[in-house]
Peer 1: 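Shown below is the structure under consideration.
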Amino acid sequence: MKGLRLYVRPIEATDHPALRDFLGTAAPPACGLLGKLLGDLVAVVDLEITGDALRLKSIFVTGELRRKRIGRAMMREVEQLAAKLERRRIIVDDAGDAQEFFRRVGFENEGDRWVRVV
C-alpha cells in the first residue's frame, strides 16, 4: 500500500456496470467519486449537490483496504470538490457505524446528522 497513489475521479455513466458489481446494488450512485489503486476500484463516495451543501450519502472502501487511509483520501477529495462548487458544508445524514470515522476526519455531530464546514 505504501508508495501507491490513489487515483480519484468523478463517476461517469460508463462506470455503472463496474459500480454495480463492486457495490452489489442494482442502482449505482448517479453522482460521486470513485477511487482506484493499480486500476482496481477500491472506494466509492455517493454525493448529492444541494443548494448550500454537498450531501454525502455514502462512502464505501473495500474491506481488505480499510484502515489504510483510503477513506481519508476520499474525504479530502470531497472537501476539494465542495470548495470548487462553492459549498460551505459537507453533510452526512446517516453515519451508521462510521460515526467514529466521520469524527476523525473533522465532522461534528449536529443532532441526527454530521456536518463539516469547508
Side-chain angles (χ1 to χ4, degrees):
M1 178 68 206
K2 191 170 182 168
L4 296 179
R5 183 157 173 9
L6 181 69
Y7 176 69
V8 180
R9 67 172 176 81
I11 293 172
E12 299 172 353
T14 58
D15 297 320
H16 288 190
L19 287 170
R20 277 190 212 101
D21 292 342
F22 181 72
L23 297 172
T25 61
C31 177
L33 300 172
L34 58 85
K36 290 185 170 190
L37 271 178
L38 298 174
D40 294 329
L41 188 58
V42 296
V44 176
V45 177
D46 186 0
L47 299 169
E48 177 184 350
I49 301 168
T50 64
D52 65 338
L54 198 57
R55 189 169 307 278
L56 193 146
K57 294 163 71 176
S58 68
I59 180 169
F60 182 81
V61 176
T62 191
E64 62 269 11
L65 294 176
R66 290 186 184 154
R67 299 205 171 276
K68 305 281 187 212
R69 305 188 66 83
I70 291 173
R72 287 178 181 259
M74 294 297 289
M75 291 307 302
R76 276 193 305 274
E77 294 289 334
V78 170
E79 181 180 350
Q80 291 173 3
L81 180 61
K84 284 181 185 176
L85 295 173
E86 298 179 354
R87 301 303 191 268
R88 298 183 49 112
R89 300 178 306 149
I90 302 169
I91 299 171
V92 178
D93 289 322
D94 181 18
D97 295 337
Q99 292 181 10
E100 186 57 33
F101 168 75
F102 287 114
R103 184 184 331 273
R104 279 184 281 153
V105 295
F107 282 78
E108 293 183 13
N109 194 330
E110 286 187 2
D112 60 345
R113 66 183 188 176
W114 291 81
V115 177
R116 180 172 175 185
V117 177
V118 178

Peer 1: Which heavy atom of I59 sits nearest a heavy atom of G71, and at what distance?
Peer 2: CD1-O, 4.0 Å
Peer 1: List in chain and number order the residues that pass side-chain contact (heavy atoms from CB on, under 4.5 Å) with A83, two or more places apart in sequence or in another chain; answer none if no residue qualifies.
Peer 2: V118
Peer 1: Taking C-beta and beyond as the side chain, do Q80 and E77 meet within less than 4.5 Å on heavy atoms?
Peer 2: yes
Peer 1: Hey, could you give me each pair passing side chain to side chain donor-acceptor pair (under 3.5 Å) that has a residue in residues 104-118? Not counting sequence neighbours.
Peer 2: E79-R116
Peer 1: Filter on salt bridge (charged side-chain N to carboxylate O under 4.0 Å, His left out), then keep only pairs touching residues 18-40, sequence neighbours left out; what's left?
Peer 2: none
Peer 1: Once salt bridge (charged side-chain N to carboxylate O under 4.0 Å, His left out) is applied, do any residues pair with E12, and if so which ones, sequence neighbours excluded?
Peer 2: R9
Peer 1: Can you hop from L47 to Y7 via hydrophobic side chains spaced under 4.5 Å?
Peer 2: no
Peer 1: Mind checking what makes salt bridge (charged side-chain N to carboxylate O under 4.0 Å, His left out) contact with R103, not counting sequence neighbours?
Peer 2: E100
Peer 1: So, does T62 use its side chain to make a donor-acceptor pair with the main chain of L65 at under 3.5 Å?
Peer 2: no
Peer 1: Nearest heavy-atom pair of R87 and G51: which atoms, and what distance?
Peer 2: NE-O, 3.7 Å
Peer 1: H16 and P29: which non-hydrogen atoms are nearest, and at how many Å?
Peer 2: NE2-O, 3.7 Å
Peer 1: Considering only residues two or more places apart or on different chains, which pairs with a residue in residues 89-98 satisfy salt bridge (charged side-chain N to carboxylate O under 4.0 Å, His left out)?
Peer 2: D52-R89, R55-D93
Peer 1: What's the spacing between L6 CG and M74 CE if we round to 0.5 Å?
Peer 2: 6.5 Å
Peer 1: Between I49 and L56, is there shared hydrophobic-cluster membership here, with clusters defined by ILVMFWY side-chain heavy atoms closer than 4.5 Å?
Peer 2: yes
Peer 1: Test: ring pair (Phe, Tyr, Trp, His ring centres under 6.0 Å). Region: residues 28-53. Which pairs qualify, not counting sequence neighbours?
Peer 2: none
Peer 1: In the hydrophobic cluster built from side-chain contacts under 4.5 Å, what are the other members alongside L41?
Peer 2: I11, L19, F22, L23, L34, V44, F60
Peer 1: Could you grab the distance from atom CG of L54 to atom CD1 of I91, nearest 0.5 Å is fine?
Peer 2: 9.0 Å
Peer 1: Applying ring-ring contact (aromatic ring centres under 6.0 Å, His included), name anything that partners F102, two or more places apart in sequence or on another chain.
Peer 2: F107
Peer 1: Who clusters with V117? Use side-chain heavy atoms, under 4.5 angstrom, across I, L, V, M, F, W and Y, and order the result by chain and number.
Peer 2: none
